[in-house]
Protein chains: 4
Amino acid sequence: MTDTFQSSSPIYSQLADRINRKILRGELQPGDKLPSVREMAIQSNVNPNTVQRTYRELEGMNIVETKRGQGTFVTENQEILTEMRERLKEEEISQFVKGMYDMGYADEEIEVGLNKFLQEKKGDSEQ
Amino acid sequence: MTDTFQSSSPIYSQLADRINRKILRGELQPGDKLPSVREMAIQSNVNPNTVQRTYRELEGMNIVETKRGQGTFVTENQEILTEMRERLKEEEISQFVKGMYDMGYADEEIEVGLNKFLQEKKGDSEQ
Amino acid sequence: MTDTFQSSSPIYSQLADRINRKILRGELQPGDKLPSVREMAIQSNVNPNTVQRTYRELEGMNIVETKRGQGTFVTENQEILTEMRERLKEEEISQFVKGMYDMGYADEEIEVGLNKFLQEKKGDSEQ
Amino acid sequence: MTDTFQSSSPIYSQLADRINRKILRGELQPGDKLPSVREMAIQSNVNPNTVQRTYRELEGMNIVETKRGQGTFVTENQEILTEMRERLKEEEISQFVKGMYDMGYADEEIEVGLNKFLQEKKGDSEQ
DNA sequence: GTGGTCTAGACCACA
DNA sequence: GTGGTCTAGACCACG
């Protein structure tokens with residue numbers, strides 16, 4: 001079993017999220033073919049119906065296109081991808097900040113802390 | 001059931017985490033008494049032994065002191081608390097950045113995105 | 001029943017102490033596998049949970065490492081072992097001297113008495 | 001309850017040991033009267049018969065003398081006291097060394113460790 | 001197999 | 001009351 005899922009949110013949306021990230025990361029390029037529903041079902045160890053639903057979800061976001069008889073493909077529409085990229089980025093940031101607020105950290109602490117972290121990271125890799 | 005737990009990580013460490021955050025947020029002040037083992041067990045709907053282990057864990061981190069026959073108290077040692085606050089902040093940031101890298105975002109995107117987000121937030125609250 | 005325990009201090013810490021001493025004495029070498037939790041439980045005639053706690057305690061002292069699904073092993077980090085050896089030695093000496101003070105013996109008496117004892121011992125074994 | 005006893009060795013000999021130490025420490029001087037059997041029984045929270053046996057034990061060691069109708073007194077025979085003092089010292093040392101051997105420490109380690117400890121102690125108190 | 005977690009319920013020492 | 005220890009027995013994840 002390569003993949004495991006948490007019990008909290010529905011599997012189909014967790015799976016959609018993973019594929020999303022693969023596309024964002026460039027692991028899946030525009031025009032690339034996704035594995036067939038059956039194949040993906042085996043790979044992810046879930047029911048084909050679940051994969052079906054995942055693909056439908058991604059299609060609703062215009063991130064993939066289904067061509068009958070051929071399979072499911074990453075959209076070639078770059079605009080949608082960059083848009084999604086931007087949206088997901090903001091979402092992640094929002095979630096991060098919310099979490100930090102929740103633990104009582106102030107804006108400045110977060111900002112300064114992040115910059116410091118990135119600086120140190122840069123310093124490390126230049127060594 | 002006031003509290004629920006995810007199945008992924010051990011309950012005792014999730015509980016410890018929650019208490020940690022309460023202390024960081026200032027919801028629990030230095031010197032404050034935590035609920036008794038039994039009471040917390042009822043509140044959290046877990047076994048007293050599990051709460052015990054949570055408290056032991058927190059004691060190991062020196063953020064809680066236990067007085068036999070009296071109860072468990074948030075440490076009055078401010079230094080340890082600020083230290084932990086700093087450490088946890090860095091940890092959260094590190095995890096956030098790592099996740100962003102994982103999705104293919106570059107340093108500048110993260111930094112700019114965060115600053116923009118905080119600015120907008122500020123604008124909102126000033127309205 | 002191979003092993004017996006005093007009622008004074010917790011079984012888990014008495015057990016930890018014994019294992020500690022076995023390691024110090026060299027009876028357990030770095031890298032050696034400790035008996036499994038269940039096995040040790042039978043040997044020591046205690047509950048597996050108690051052995052668990054013992055092993056967790058030893059792990060907290062960094063003198064033991066645990067590999068999931070494989071077992072618990074004496075650390076290969078010699079530094080930690082020599083450090084502990086030194087610390088325990090001082091502890092024992094301190095306790096001994098404190099006891100002697102308590103009975104009204106002076107530094108010189110203790111020192112001279114010890115040296116004399118060691119000399120005689122040496123003489124005995126050379127016979 | 002001022003006094004507590006371990007379950008390992010008989011209470012009467014533990015009690016005898018304590019009295020012994022009080023005498024050695026000079027807390028009880030030669031000629032001093034020990035508490036009456038009844039009194040000591042209450043103080044130590046044991047049965048008078050146990051105290052009786054304790055006093056008999058001490059009498060056998062010639063450390064105390066019982067005068068009918070008057071009570072039990074620490075012997076005025078200094079020789080016996082110094083002798084016992086010496087014997088007890090050796091006993092303690094022997095037990096200490098045995099314990100150290102048991103943990104794998106060598107003669108030199110013990111000797112050097114002890115001397116170092118006493119030196120540091122001296123340094124501390126001179127500060 | 002291994003260690004890790006959790007529950008239920010008991011008993012203890014301390015205050 | 002408080003926390004601390006221990007047992008018995010269950011189930012889990014990892015290898």
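Here is how names work: the chains are called A, B, and so on, in the same order as the sequence lines, proteins then strands, and each is numbered from 1.
A donor-acceptor contact under 3.5 Å is not formed by the side chain of C:R68 with the base of E:dG4. Judged by distance alone with a 3.5 Å cut-off, no donor-acceptor contact links the side chain of B:Q52 to the base of F:dG3.
Across all strands shown, F:dG1 is found opposite E:dC14 as a Watson-Crick or G-U wobble partner, with both distances under 3.5 Å.
A residue-by-residue look at B:P10 and C:K67 shows that C:K67 has its nearest nucleotide of DNA chain E further toward the 5' end. Where B:G69 and B:S9 meet DNA chain E, the nucleotide closest to each residue was compared, and B:S9 sits on the side nearer the 5' end. Along DNA chain F, the nucleotide nearest to B:Q70 and the one nearest to B:R56 differ in position, and the one closer to the 5' end is contacted by B:Q70.
Put simply, CD on B:Q6 is 17 Å from C1' on F:dC12, counting in whole angstrom units. If you take CG of C:L15 and P of F:dT5, they are 14 Å apart, rounded to a whole angstrom. E:dG4 atom C1' lies 13 Å from atom CD1 of B:I11, rounded to whole Å. Summarising the geometry, the separation between CD on B:E57 and P on F:dG4 is reported as 13 Å, rounded to the nearest angstrom. Computed from coordinates, the B:F5 CZ to E:dT7 C1' distance equals 14 Å when rounded to whole Å. In this structure, the CD1 atom of C:I42 is 14 Å from the C1' atom of E:dT2, given to the nearest Å. At whole-Å resolution of the value, CE in B:M40 and C1' in F:dG4 are 18 Å apart. Going from atom CG of C:N45 over to atom C1' of F:dT7 covers 12 Å, rounded to whole Å.
Taking the side chain of B:N47 as heavy atoms from C-beta on, and the options E:dC6, E:dT7, F:dT7, the nearest nucleotide is E:dT7. Listed nucleotides E:dT2, E:dT5, F:dG3 differ in distance to B:Y12; the shortest reach to its side chain belongs to E:dT5. Nearest to the side chain of B:N49, among E:dG4, E:dC14, E:dA8, sits E:dA8.
For the side-chain hydrogen bond (donor to acceptor under 3.5 Å, both in side chains) with B:E65, the qualifying choice from B:T75, B:T72, B:N77 is B:T75, the only one to do so.
Checking side-chain atoms of D:S44 against main-chain N and O of D:A41 turns up no donor-acceptor pair under 3.5 Å. Under the 3.5 Å distance criterion, the side-chain polar atoms of C:R38 are left unmatched by any main-chain donor or acceptor of C:P48. Using modelled atom types, one side-chain atom of C:Q14 and one backbone atom of C:S9 make a donor-acceptor pair closer than 3.5 Å. Judged purely by atom type and a 3.5 angstrom limit, D:Y105 uses its side chain to pair as donor or acceptor with the backbone of C:R85.
Between the OH atom in A:Y55 and the CG atom in A:L15 there is a gap of 7.5 Å [rounded to 0.5 Å].
We find that D:E92 and D:R21 are joined by a salt bridge, their nearest charged nitrogen and carboxylate oxygen being less than 4.0 Å apart. Ion pairing between D:R56 and D:E59 fails under the 4.0 Å rule for side-chain N and carboxylate O.
For DNA chain F, no neighbouring residue in residues 27-36 of chain C is found when judged by any heavy atom under 4.0 Å.
For the OP1/OP2 pair of E:dT2 and a distance below 4.0 Å, the side-chain nitrogens and oxygens of C:T66 include no atom meeting the criterion. Distances shown here put a side-chain N or O of B:R53 below 4.0 Å from the OP1 or OP2 atom of E:dT5.
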